[in-house]
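Written below as structure tokens is the structure these notes are about.
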Number of protein chains: 2
Amino acid sequence: MEDRIEISLSTCKKLKPEPDRLGFGKAFTDHMFIMDYAPETGWHRPRIIPYQPIQLDPAAKVFHYGQTVFEGMKAYRTREDRILLFRPGKHFQRLNRSNERLCIPPVREELALEALKQLLLIDRDWIPAEEGTSLYIRPFIIATEPLLGVAPSNHYQFIIILSQVGAYYAEGIRPVKIMVEADYVRAVNGGVGSAKTAGNYAAGLKAQETASGLGYAQVLWLDGVQRRNIEEVGSMNVFFKLNGKLVTPYLSGSILDGTIRDSILHLLKHWEIPVEERIVTIDELVVAFRHGGFEEAFGTGTAAVISPIGELYWQGERLLIGKGDTGELTRRLYDTLTGIQYGRLADPFGWTVEVAE
Amino acid sequence: MEDRIEISLSTCKKLKPEPDRLGFGKAFTDHMFIMDYAPETGWHRPRIIPYQPIQLDPAAKVFHYGQTVFEGMKAYRTREDRILLFRPGKHFQRLNRSNERLCIPPVREELALEALKQLLLIDRDWIPAEEGTSLYIRPFIIATEPLLGVAPSNHYQFIIILSQVGAYYAEGIRPVKIMVEADYVRAVNGGVGSAKTAGNYAAGLKAQETASGLGYAQVLWLDGVQRRNIEEVGSMNVFFKLNGKLVTPYLSGSILDGTIRDSILHLLKHWEIPVEERIVTIDELVVAFRHGGFEEAFGTGTAAVISPIGELYWQGERLLIGKGDTGELTRRLYDTLTGIQYGRLADPFGWTVEVAE
Ligand SMILES: Cc1ncc(COP(=O)(O)O)c(C=O)c1O
Ligand SMILES: Cc1ncc(COP(=O)(O)O)c(C=O)c1O
């Protein structure tokens with residue numbers, strides 16, 4: 001594997017969007033990272049090039065058989081103008097676990113991190129400074145071999161693109177309403193639910209569309225077998241505080257091992273607040289609600305970090321959580337995690353990685 | 001929707017592969033069909049252009065969220081040099097059912113068929129004439145909008161590519177060995193298993209790789225809930241003849257509604273041979289085998305039409321089917337279906353559609 005990253009800079013700079021109109025995942029930076037895989041050479045020709053279209057044969061396997069994985073993380077600009085990443089190593093490890101499940105050859109994690117750092121330094125002007133904003137990082141791998149047989153591809157591209165992200169909570173952290181999905185299933189044990197791969201998201205679109213139409217922000221998935229066990233939200237893991245006790249679904253094999261989920265488990269341990277990782281059923285939530293013990297609920301993921309849940313909709317019933325406000329522990333976790341990410345708080349866990357020349 | 005198909009012909013012709021080296025899905029013809037979708041215009045600009053790479057923004061949704069569907073059918077050259085399609089209407093109907101599940105706007109089926117016919121006429125020299133060969137047809141739709149939010153795309157491309165296919169049974173129809181999959185799951189009820197979408201095939205790669213390593217041609221999937229019910233093979237539906245009775249898994253919602261499966265059900269009815277569409281468990285197959293009643297088994301799909309199964313491997317046990325040879329009914333179905341497809345036999349069902357100026 002050749003590790004020197006070739007760099008060719010863009011000759012013109014794109015206009016950056018207004019800081020209050022960043023949105024999510026639509027304004028991409030001036031450059032991208034790309035690296036190829038072939039059986040004879042392995043991963044080779046790592047390079048940073050101007051952001052540009054990809055050219056693929058229409059028979060490329062990614063279009064037909066969905067052999068692809070991705071990651072999602074962020075770069076944060078601190079008040080002192082330092083650039084921080086949050087647990088990039090964990091993200092690239094997960095990329096390789098996804099690769100393993102999808103029969104894609106692993107990438108060297110150190111090289112991926114080095115590539116990301118160089119790309120961020122080149123496009124560092126794109127990392128916004130306003131409160132709550134950041135630069136979203138999307139590493140992904142696609143199968144490029146033009147061959148219609150259903151078998152792992154012999155050729156791949158590993159790509160990193162960057163996109164500005166506006167403040168998730170422009171008007172302050174605010175609870176969302178979530179619909180518990182009774183008909184559609186996202187993933188099942190033995191499937192690819194624990195991998196970050198395209199097909200999982202395609203499978204979720206229909207339910208998401210229905211939920212949106214009914215005024216719900218996202219769906220909460222149940223497991224595909226019992227149809228009772230809580231799994232996760234669209235792109236978040238979930239935690240519940242029931243009768244004073246914190247619980248979260250254990251890593252059953254059909255949900256994603258979230259970086260924020262894991263960080264929260266560490267934080268809670270550090271704070272000596274007990275949390276149970278176990279099966280959590282929808283029935284348990286309903287019972288807690290009926291007895292007035294459904295105190296807090298929140299989703300966790302890179303995009304929102306913590307997203308308080310104010311209401312769950314389940315088979316005609318609205319389960320109001322707490323008083324519909326952001327819970328106390330929810331807020332404390334949010335403040336601490338974002339504090340660490342933006343370098344405002346000490347980082348006793350060594351989670352942040354500085355990007356510097 | 002604008003229906004006039006714009007045509008721009010290739011100025012050079014590719015070399016065609018030797019007829020005995022066609023393989024599957026690797027030699028593509030000189031032209032392709034393409035049509036775009038935008039919210040304002042719907043599907044528009046249907047056109048036939050020289051076969052060429054697709055250019056996509058690296059943020060195109062198909063790469064990240066797998067919003068894509070496809071079909072697979074064939075064009076056959078008869079001895080009289082006529083060109084026949086087999087039930088193309090059924091394939092385009094299924095494309096639209098897949099579209100519906102994946103939140104992709106439907107295509108007009110008549111336009112899709114007209115486009116396919118025109119493309120075939122332009123590339124008709126590519127349709128091979130040798131016994132058992134054909135031209136494989138791959139219509140597919142990809143989400144092209146460059147936006148990382150997890151929601152249905154606003155932009156799509158519908159593409160048809162064509163590829164020569166060698167004789168599946170160059171040395172005569174021959175039974176394959178299949179491994180029943182105990183660990184991995186392809187699809188579950190409430191998921192996307194009944195749609196022809198990329199993620200289903202990505203999810204199957206790992207099991208397929210393991211099975212190949214053990215000398216098995218394909219895996220036979222069990223359902224994701226009970227893990228006992230037979231679903232289908234990689235890209236085939238399955239039929240079994242047990243103690244003189246024909247059975248096939250019913251359309252449970254997690255398997256594909258195969259065109260060949262459906263055609264066989266019609267043929268059997270025509271022949272007044274009873275067949276049961278119902279739950280078939282692996283245990284039932286084991287019991288039939290132990291009592292000497294596992295008489296025939298075959299997979300059905302566009303690629304092989306009928307693929308006799310000579311052996312199933314399940315938890316350490318080899319279930320030999322019949323005497324390991326192609327069963328009598330299996331062969332009769334194969335001969336009849338391929339006879340109709342190649343225009344050698346009468347087509348009482350109106351399945352074949354001729355492509356002519
Ligand atoms: C399905 C799914 N679950 C959970 C998460 C949360 O993971 P993380 O905390 O690593 O962002 C994500 C987002 O990445 C996701 O896509
Ligand atoms: C998953 C799956 N099942 C079954 C089939 C058989 O379908 P058909 O008979 O329409 O080719 C296919 C192939 O198209 C397939 O991909």
Side-chain angles (χ1 to χ4, degrees), chain A residues 23-26 28 32 51-60 62-68 70 72 101-103 136 138 140 142 146-152 159 161 163 183-192 197-206 208-209 212 224-225 227 234-235, chain B residues 23-26 28 32 51-60 62-68 70 72 101-103 136 138 140 142 146-152 159 161 163 183-192 197-206 208-209 212 224-225 227 234-235:
Chain A
F24 175 80
K26 53 184 185 187
F28 296 90
M32 62 198 267
Y51 189 92
Q52 61 190 261
I54 319 178
Q55 281 222 7
L56 288 178
D57 192 288
V62 62
F63 296 133
H64 305 273
Y65 307 127
Q67 201 192 3
T68 171
F70 69 96
R101 183 65 183 85
L102 273 296
C103 303
Y136 184 77
R138 171 56 57 92
F140 65 108
I142 52 176
L147 186 61
L148 294 185
V150 183
I159 298 171
I161 55 178
S163 157
D183 300 320
Y184 294 110
V185 171
R186 172 189 172 270
V188 70
N189 244 299
V192 291
T197 182
N200 289 330
Y201 300 82
L205 291 174
K206 187 91 185 166
Q208 173 66 38
E209 209 178 46
S212 297
V225 178
R227 303 279 192 115
S235 49
Chain B
F24 175 78
K26 52 185 186 186
F28 296 90
M32 63 199 266
Y51 189 92
Q52 61 190 263
I54 318 178
Q55 281 221 7
L56 289 178
D57 192 287
V62 61
F63 296 134
H64 305 273
Y65 307 128
Q67 200 192 4
T68 171
F70 69 96
R101 182 64 184 86
L102 273 295
C103 303
Y136 183 77
R138 171 58 55 92
F140 64 108
I142 52 177
L147 186 61
L148 294 185
V150 183
I159 298 170
I161 53 177
S163 157
D183 299 321
Y184 295 109
V185 172
R186 172 190 173 270
V188 71
N189 244 297
V192 291
T197 182
N200 289 330
Y201 300 82
L205 291 175
K206 187 91 186 167
Q208 173 65 39
E209 207 178 47
S212 295
V225 177
R227 302 280 190 116
S235 49

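Any value given below was found using the heavy atoms of this structure, including those in side chains, with hydrogens, waters and symmetry copies removed. Convention: sequence-line order gives letters A, B, ...; per-chain numbering from 1.
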Which answer fits [X], side chain, backbone, both or neither, if we ask what part of it has an atom under 4.5 Å from a heavy atom of chain B?
X        : value
A:Arg227 : side chain
A:Phe28  : side chain
A:Asn200 : neither
A:Leu56  : both
A:Val192 : side chain
A:Phe63  : both
A:Leu102 : both
A:Gln67  : both

Do the ring planes of A:His64 and B:Phe70 sit parallel (below 30°), tilted (30 to 60°) or perpendicular (above 60°)?
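If you compare the ring of A:His64 with that of B:Phe70, the planes turn out perpendicular.
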Rounded to the nearest 0.5 Å, what separation is found between the CG atom of B:Leu148 and the OH atom of A:Tyr136?
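One gets 6.5 Å once the value is rounded to the nearest 0.5 Å.
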Nearest heavy atoms of A:Val185 and B:Asn189, plus distance in Å
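Shortest heavy-atom contact: CG2-O, 3.4 Å.
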Which of the residues [options] is involved in the greatest number of heavy-atom pairs with chain B at under 4.5 angstrom?
options                                : value
A:Ser212, A:Cys103, A:Ala203           : A:Cys103
A:Gly224, A:Ala202, A:Gly204, A:Ala151 : A:Ala202
A:Ala60, A:Pro58, A:Pro146, A:Gly25    : A:Pro58
A:Lys26, A:Gln208, A:Arg101            : A:Arg101
A:Ile161, A:Val62, A:Thr197            : A:Ile161

B:Leu205 and A:Val150: CA distance, side-chain angles, deciding distance, side-chain contact (heavy atoms from CB on, under 4.5 Å) verdict
CA-CA 8 Å; B:Leu205 291 175; A:Val150 183; 4.2 Å; yes
Let me know if [X] has heavy atoms under 4.5 Å from chain A in its side chain, its backbone, both or neither.
X        : answer
B:Glu209 : side chain
B:Tyr184 : both
B:Ile54  : both

Largest heavy-atom contact set with chain A, pairs under 4.5 Å, which of B:Gly72, B:Gly23, B:Gly199, B:Gly190
B:Gly190
Which one of B:Gly149, B:Ser163, B:Ala59 has the most heavy-atom pairs closer than 4.5 Å to chain A?
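Highest number of heavy-atom pairs under 4.5 Å: B:Ala59.
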Sequence-distant partners of B:Lys206, salt bridge (charged side-chain N to carboxylate O under 4.0 Å, His left out), two or more places apart
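With neighbours one apart ignored, the set is A:Glu100.
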